[in-house]
Number of protein chains: 2
Amino acid sequence: MLTDRQLLILQVIIDDFIRSGQPVGSRTLSKKHQIAFSSATIRNEMADLEELGYIEKTHISSGRVPSEKGYRYYVDHLLPPQRLTRADIQKIRSVFAERIYELEKLMQKSAQILSELTNYTSIALGPAFKESKLKRMQIVPLNEQTAVAIVVTDTGHVENRVVTIPSSMDAGDLEKMVNIFNERLNGVPLIDLKEKMETEVADVLRRHIRNYDSVLNTLIETLDAPEEEKVFFAGKANMLNQPEFSDIQKVRPLLNIIEQEKDIYRLLRKQNQKGVRVSIGHENELRGMENCSLITATYSVGDEPLGAIAILGPTRMEYSRVITVLNRVASDLSAALTKWYQSQ
Amino acid sequence: MLTDRQLLILQVIIDDFIRSGQPVGSRTLSKKHQIAFSSATIRNEMADLEELGYIEKTHISSGRVPSEKGYRYYVDHLLPPQRLTRADIQKIRSVFAERIYELEKLMQKSAQILSELTNYTSIALGPAFKESKLKRMQIVPLNEQTAVAIVVTDTGHVENRVVTIPSSMDAGDLEKMVNIFNERLNGVPLIDLKEKMETEVADVLRRHIRNYDSVLNTLIETLDAPEEEKVFFAGKANMLNQPEFSDIQKVRPLLNIIEQEKDIYRLLRKQNQKGVRVSIGHENELRGMENCSLITATYSVGDEPLGAIAILGPTRMEYSRVITVLNRVASDLSAALTKWYQSQ
DNA sequence: TGTTAGCACTCGAACAATTCGAGTGCTAAA
DNA sequence: TTTAGCACTCGAATTGTTCGAGTGCTAACA
């Protein structure tokens, strides 16, 4: 177990390193006003902290740098309290003050404010598409063979897909089919859509429409695999501001991950326990993120976490500020969404 | 006017520099098999070329590097012929071989193949939204105050927007209104939609529906300013592979432009004369692109250019190959789209 | 008159040597 | 237990040196 003095030293080392990016030496440390003992004492303590794995040297006679274990301890136990300025709070609030029309715009704006307030790269994940319920389905024929199938959810989200129509089916049939869908499937969560279509609707269709099955199958297929929901990024280029990424070789894998979007998407989608979570360095599973920390927070409507927002930065990240900002945005976002869903 | 020998030397210098990225000296040049004279002669010629502004020195005793004027001349008059390999042609063809369902996927794939074949950053702009015609309009009420307005175009593109509904209007009115729209506005180009709505439809609406005007205005407004069409990027991180951008300071403004998307969008939208266009270095208006060249090509349906595809790279770009690839992709894309539009 | 060989000169890149400062660990005294 | 002092280490910055690839210029040559 660490002594109080060791904790103090660890905290000051990490705080200083986060601020400066430079290895912290015993003399620098002893000059801090929070620290009352000599550099020699500090050296002894630092030697112990190093042996315990909380800090490291970059080379034999260098100052100390936090290890991942050190950051982990810091994040779990030593975070200095942080308050947002009035201006920050105001900025965040203004994002959510306007009337919401489109969920996607809102998520984009959330990402923007996050990267603006932190100077890191931010990511926002929209509410899982499958959570929402069917409000209306519509099929608009384009020509003899193709039509656009449109699904409107109760959240106002519109999903559409071009589908092929068998030649044996005419416009009348199509209309009948859509009517049956809308009668029977209103309010069904999209996630259950496939099942309901196969069980409840198939029978009715069979009675009214010839050749219903090939279209039905196409529809079921396309609707069951909705486009991956969108991930919204902001401040991608902020990554380049970090001195630890001043070397192109080190940014490239990172930018590749970010450009891909898919991996990040999956990573965030997994995040569904409430609250803030911090992944430091190698705790991240994705290769290329060894020098990064990812901080995620979920937002919810009522009690149910719907999606996540996140900040990606170097392991030497301003954890305290980021977590505070993230919490604030998440809770404002949750509030805005809750209000919005209630009005639906 | 340049002599034949000067042209030859200029071409060889640029070819070599594009390949190697290193300043080209007289001795290196004299060893090339295309060149039959001594390094001293070449030095004299190079001095002339430099005086004329086609090449530059990086420092007083260095080899020569093409100037923007040099690149311009090269692109206009000296491009070495370039043929695509069978494999390349095959790759391009395979992108357009599949049945097209969604325009956006197609554009995304076009961008991908471009960046894959060139190792530069590529950009694809979808057909201008306003070109297409109204196929069907639909309004789906979400609750008392809001509804989703959906517009389907003849190209299968779906545009949607959440709109507010005045409380005095009920579901029946809404339906009537939509019916009137669909009767009267079918086939109207979206660009004319606003006008037609105000002239042709307003009268009819007035006779049938109370309070039609506030909704109508909202609709007109939202539909008249459709979301900016999407720009598709691919290979953003390829920028980092270029040695001229190995310095973070030089990439940052560039990545910022790319991240913004808006400026690039405008730039490409302006491009509506047929064929390939090359902008070299300072010919680009955007700040941050001084070290870049942008090569754009338009694709068309029938005779009308609809959109553009482009490659963004360093001024030291493989112009010949890029232009060839771009031409090929543009023409295959045009063919695919033409076929597709005809089937609509 | 155009071409080329030769030569002195320039400059950047690469490398080694040097210095400087911030850091360390250890020891002995307070 | 703390701290002053000291020898030692190492990276970063600075300086000097060498090397090679380049240039421009001049004079001789075809």
Side-chain angles (χ1 to χ4, degrees), chain A residues 1-10 12-17 19-67 70 243-244 246-247, chain B residues 1-10 12-17 19-67 70 243-244 246-247:
Chain A
M1 200 44 213
L2 297 178
T3 66
D4 281 356
R5 192 165 68 186
Q6 285 174 324
L7 290 183
L8 175 61
I9 291 178
L10 180 57
V12 177
I13 289 177
I14 300 187
D15 281 341
D16 191 77
F17 182 70
R19 200 182 39 74
S20 71
Q22 297 301 316
V24 187
S26 57
R27 229 179 94 75
T28 328
L29 222 48
S30 71
K31 280 190 223 140
K32 300 238 162 200
H33 67 280
Q34 311 137 343
I35 302 252
F37 11 89
S38 77
S39 63
T41 310
I42 295 171
R43 280 202 286 283
N44 290 331
E45 296 286 32
M46 295 212 305
D48 291 350
L49 282 172
E50 182 170 13
E51 200 166 349
L52 292 168
Y54 292 101
I55 52 180
E56 298 166 345
K57 286 189 265 200
T58 59
H59 60 90
I60 193 154
S61 75
S62 78
R64 302 311 209 288
V65 153
S67 67
E244 31 269 274
S246 63
D247 181 7
Chain B
M1 197 48 212
L2 297 178
T3 66
D4 280 357
R5 192 166 71 187
Q6 284 174 325
L7 290 183
L8 175 62
I9 291 178
L10 180 57
V12 177
I13 288 177
I14 300 186
D15 281 340
D16 191 78
F17 182 69
R19 202 182 37 73
S20 71
Q22 296 302 315
V24 187
S26 57
R27 232 179 93 75
T28 327
L29 222 48
S30 71
K31 280 190 224 141
K32 301 237 162 202
H33 67 281
Q34 312 138 341
I35 302 241
F37 11 88
S38 78
S39 63
T41 310
I42 294 172
R43 279 202 288 282
N44 290 331
E45 295 286 33
M46 295 213 305
D48 291 350
L49 282 173
E50 182 169 13
E51 200 166 347
L52 292 169
Y54 292 103
I55 53 179
E56 299 167 345
K57 287 189 265 198
T58 59
H59 61 89
I60 194 156
S61 75
S62 78
R64 302 309 211 287
V65 153
S67 67
E244 31 268 275
S246 64
D247 182 7

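Naming convention: chains lettered A, B, ... in sequence-line order (proteins, then strands); numbering from 1 in each chain. The structure displayed is predicted, hence computed values, not measured ones.
Contacts of B:Arg27 classified as salt bridge (charged side-chain N to carboxylate O under 4.0 Å, His left out), with partners at least two apart in sequence or in another chain: none. Annotation: salt bridge (charged side-chain N to carboxylate O under 4.0 Å, His left out) contacts of A:Asp15 (sequence neighbours excluded): none. With sequence neighbours excluded, the residues satisfying side-chain contact (heavy atoms from CB on, under 4.5 Å) with B:Arg5 are B:Thr3, B:Ile9, B:Phe37, B:Thr41, B:Glu45. Shown here are the salt bridge (charged side-chain N to carboxylate O under 4.0 Å, His left out) partners of A:Glu244, two or more places apart in sequence or in another chain: A:Arg316.
Under a 3.5 Å cut-off, the side chain of B:Ser67 and the backbone N or O of B:Gly53 do form a donor-acceptor pair. Judged purely by atom type and a 3.5 angstrom limit, A:Ser20 uses its side chain to pair as donor or acceptor with the backbone of A:Asp16.
In the helix from C:dT1-D:dA30 to C:dA30-D:dT1, the terminal helix axes, each the rotation mapping four pairs' C1' atoms onto the next four within five end pairs, subtend 20°, rounded to 10°.
For the segment residues 19-31 of chain A, the set of residues with a heavy atom within less than 4.0 Å of an atom of DNA chain D is empty. Interface residues of residues 36-51 of chain A facing DNA chain D, ordered by number: A:Phe37, A:Ser38, A:Ala40, A:Thr41, A:Arg43, A:Asn44; criterion, heavy-atom separation under 4.0 Å. DNA chain C is contacted by A:Lys57, A:Ser61, A:Ser62, A:Gly63, A:Arg64 of residues 52-65 of chain A, taking any non-hydrogen atom closer than 4.0 Å.
Closest heavy-atom contact between B:Pro23 and B:Thr58: CG-CG2, 4.2 Å. Contact between B:Phe17 and B:Val65 at its shortest, heavy atoms only, is CE1-CG2, 3.7 Å. Shown here for A:Ser26 and A:Met46, the closest heavy-atom pair between the two residues is N-CE, 3.9 Å. Taking each heavy atom of A:Ser30 and A:Ser38 in turn, the nearest pair found is CB-C, 4.1 Å.
Pairs passing the side chain to side chain donor-acceptor pair (under 3.5 Å) check and including a residue from residues 47-57 of chain A, sequence neighbours excluded, read A:Glu50-A:Arg64.
A:Leu2 places a side-chain heavy atom less than 4.5 Å from the side chain of A:Leu49. Contact of the A:Val12 side chain with the A:Leu8 side chain is registered, since non-hydrogen atoms from C-beta on lie closer than 4.5 Å.
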With the criterion being N/O to N/O and under 3.5 Å, what pairs connect the protein with nucleotides 17-19 of chain C, and how long is each?
none

Strictly under 3.5 Å: I want the nitrogen or oxygen pairs between protein and nucleotides 27-30 of chain D, one per line.
none

Could you go through nucleotides 12-19 of chain D and list every protein N or O atom that sits under 3.5 Å from one of its N or O atoms, giving the distance for each pair?
none

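Taken from OG1 in B:Thr28 to CD in B:Gln22, the straight-line distance is 10.0 Å, to the nearest 0.5 Å.
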